[in-house]
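Note sheet for the following structure.
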2 protein chains.
Amino acid sequence: MARSLRPSPTRKIPKMNIGQASKASGVSAKMIRYYEQTGLIARADRTASGYRDYSEADVHVLRFIRRARDLGFSVTDIAELLGLWRDDTRQSVEVKRLAQGHIEELKHKITALQDMTQTLTSLVEACQGDHRPHCPIIERLETDDVDEDLSLEPRRGAVASGSPGAANPRRQAAKQN
Amino acid sequence: MARSLRPSPTRKIPKMNIGQASKASGVSAKMIRYYEQTGLIARADRTASGYRDYSEADVHVLRFIRRARDLGFSVTDIAELLGLWRDDTRQSVEVKRLAQGHIEELKHKITALQDMTQTLTSLVEACQGDHRPHCPIIERLETDDVDEDLSLEPRRGAVASGSPGAANPRRQAAKQN
DNA sequence: TTGCGGCTTCCAACGATGGGAAGGTCAATA
DNA sequence: TATTGACCTTCCCATCGTTGGAAGCCGCAA
């Protein structure tokens with residue numbers, strides 16, 4: 001209502017529905033709704049018929065989010081990044097700290113994956129890969145030598161592969177129930 | 001029942017409950033139950049009172065599984081590996097193929113993570129990290145230059161970061177609903 | 001006999017994403 | 001104008017591996 005005369009400041013703001021916002025931002029419609037639902041982004045305006053209605057500014061936010069996701073930031077991190085983005089009084093050191101933390105996480109993951117790759121590669125190289133059953137890969141998996149106790153202890157050789165928690169949130173020595 | 005006289009062949013098979021099997025194998029009790037439930041391992045024997053009862057052989061299987069998980073194999077892959085392990089007539093080429101496929105997956109992931117790390121590192125290096133708001137990291141996330149259209153197209157510089165599907169199952173250009 | 005710790009099952013959550021059903025809307029065309 | 005097809009809405013479910021917790025039974029030791 002009250003949008004008649006004069007090309008008011010709210011004149012030429014072309015809005016769009018979720019599909020167009022999705023195309024324009026590179027974020028799927030599903031994910032846009034999800035981000036709204038979880039509070040990462042504000043509830044969208046609605047048209048009279050209930051369709052979500054996005055402005056260029058909204059799309060700008062969505063693109064920000066997508067780029068952050070592309071860099072591997074978690075949604076939690078992104079919430080923080082958005083806050084910093086909007087905060088005129090932010091200190092760049094805060095952003096830097098966040099990014100550095102993320103880099104550390106990434107490096108842990110990389111190291112873990114590289115360890116796996118290295119082990120697997122040497123096993124694959126040792127495997128004849130023929131019609132016979134003998135296979136060093138299987139052997140490695142079934143053999144109980146060194147391994148044995150690794151349920152406790154800080155470990156022997158594995159560099160960061162087993163860095164507990166962060167990197168590879170898998171197996172951490174049977175805490176049971 | 002029928003376990004009296006003579007040190008029968010089934011004489012000294014010390015069995016254990018799930019907590020002990022967990023400690024012995026390095027697989028959490030929770031996960032042991034889960035593996036049983038999903039059919040990765042056979043249903044465990046039960047004591048008169050309903051406790052799961054594991055033999056050394058069972059623990060051997062659990063350790064096999066844990067080692068495979070440690071190498072990053074998916075549960076699906078592990079099911080296949082277990083099948084091959086048990087198959088006297090297996091051809092090592094099958095195991096090798098499985099492992100090689102897994103190595104490829106790992107490499108994709110590593111590449112994606114390395115790309116992220118590299119980008120982030122250069123941004124972090126460019127960031128003063130002081131009390132002032134100016135920050136190249138935020139700038140990079142909010143700026144709509146090159147990026148713009150990357151919703152389609154094979155991309156410009158990014159090496160394997162965006163290898164669709166496998167490596168980084170994230171964002172693939174807004175297919176919406 | 002009490003009590004603690006371990007076992008049982010069942011249900012839910014995580015994180016980010018996609019799939020799909022059932023029903024309403026929009027815009028173009030017959 | 002009526003129909004159609006593409007879009008939107010909400011709601012629920014699945015993924016994958018893992019953990020947490022509740023409610024209730026069991027085993028063993030003091």
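Reminder, nothing fancy here: chain letters follow the sequence lines and each chain counts from 1.
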Return the value, rounded to whole Å, for the distance between atom [atom1] of [X] and atom [atom2] of [N].
X: Gln20(B); N: dG5(C); atom1: CD; atom2: C1'; answer: 13 Å
X: Leu40(A); N: dT17(C); atom1: CG; atom2: C1'; answer: 15 Å
X: Lys23(A); N: dC7(D); atom1: NZ; atom2: P; answer: 6 Å
X: Glu105(B); N: dC16(D); atom1: CD; atom2: P; answer: 12 Å
X: Arg43(B); N: dT8(C); atom1: CZ; atom2: P; answer: 15 Å
X: Lys30(A); N: dC8(D); atom1: NZ; atom2: C1'; answer: 12 Å
X: Ile65(A); N: dT17(C); atom1: CD1; atom2: P; answer: 11 Å
X: Arg69(B); N: dT19(D); atom1: CZ; atom2: C1'; answer: 14 Å

Taking only N and O in the side chain of [X], is any of them less than 4.0 Å away from OP1 or OP2 of [N]?
X: Arg46(B); N: dT9(C); value: yes
X: Arg52(A); N: dT9(D); value: yes
X: Tyr35(A); N: dT17(C); value: yes
X: Arg33(A); N: dT9(D); value: yes

Does atom CZ of Arg43(A) have more than 12 heavy-atom neighbours, drawn from other residues, nucleotides or ligands, at distances under 6.0 Å?
-> no
Is the CD atom of Glu104(A) crowded by more than 12 outside heavy atoms at less than 6.0 Å?
-> yes
Minimum heavy-atom separation for Arg67(A) to Arg140(B), with atom names?
-> CD-O, 3.8 Å
Please answer: with hydrophobic residues joined when any side-chain heavy atoms are less than 4.5 Å apart, are Leu120(A) and Val93(B) in the same cluster?
-> no
Going hydrophobic residue to hydrophobic residue with side-chain gaps under 4.5 angstrom, can you get from Leu62(A) over to Val75(A)?
->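 Linked within one cluster.
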Please tabulate, for the side chains in residues 126-135 of chain A, all donor-acceptor contacts under 3.5 angstrom to protein atoms that are two or more places apart in sequence or on a different chain.
from, atom 1, to, atom 2, distance (Å)
Asp130(A), OD1, Arg132(A), N, 2.9
Asp130(A), OD1, Ser92(B), OG, 3.1
Asp130(A), OD2, Arg132(A), NE, 3.0
Asp130(A), OD2, Arg132(A), NH2, 2.6
His134(A), ND1, Glu139(A), OE2, 3.3

Close residues, residues 74-81 of chain A, relative to DNA chain C [heavy-atom separation under 4.0 Å] |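 Result for residues 74-81 of chain A: Ser74(A), Val75(A), sorted by number.
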Determine which pairs satisfy ring pair (Phe, Tyr, Trp, His ring centres under 6.0 Å) with at least one residue from residues 14-57 of chain B, sequence neighbours left out, and list them in order.
->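 Listed by first then second residue: nothing to list.
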Would you list the pairs meeting ring pair (Phe, Tyr, Trp, His ring centres under 6.0 Å) in which at least one residue belongs to residues 76-104 of chain B, sequence neighbours left out?
-> His60(B)-Trp85(B), Phe64(B)-Trp85(B), Phe73(B)-His102(B)
Contacts under 3.5 Å, N or O only, protein and nucleotides 23-27 of chain C:
from, atom 1, to, atom 2, distance (Å)
dG24(C), N2, Tyr51(A), OH, 2.8
dT25(C), O4', Tyr51(A), OH, 3.1
dT25(C), O3', Ser49(A), OG, 3.4
dT25(C), O2, Tyr51(A), OH, 3.4
dC26(C), OP1, Ser49(A), OG, 2.8

Thinking salt bridges, do Glu80(A) and Arg97(A) make one under a 4.0 Å N-O criterion?
->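 Between Arg97(A) and Glu80(A) there is a salt bridge, with a charged N closer than 4.0 Å to a carboxylate O.
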Is it true that Asp45(A) and Lys15(A) make a salt bridge, defined as a side-chain N closer than 4.0 Å to a carboxylate O?
-> yes
Of the candidate nucleotides dG17(D), dA16(C), dC8(D), which contains the atom at the shortest distance from the side chain of Met31(A)?
->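 Of all the options, the side chain of Met31(A) is nearest to dA16(C).
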Under a 4.5 Å cut-off applied to non-hydrogen side-chain atoms, are Asn17(A) and Arg52(A) in contact?
->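 Side-chain contact under 4.5 Å: no.
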I would like to know whether Ile18(B) and Arg33(B) meet side chain to side chain contact (heavy atoms under 4.5 Å, CB included); could you show each step before the answer?
-> CA-CA 9 Å; Ile18(B) 200 170; Arg33(B) 294 192 195 99; 3.6 Å; yes
Taking five pairs at each end, how big is the angle between the two axes of the helix from dT1(C)-dA30(D) to dA30(C)-dT1(D), to 10°?
->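 If I round to tens, the end axes sit 30° apart.
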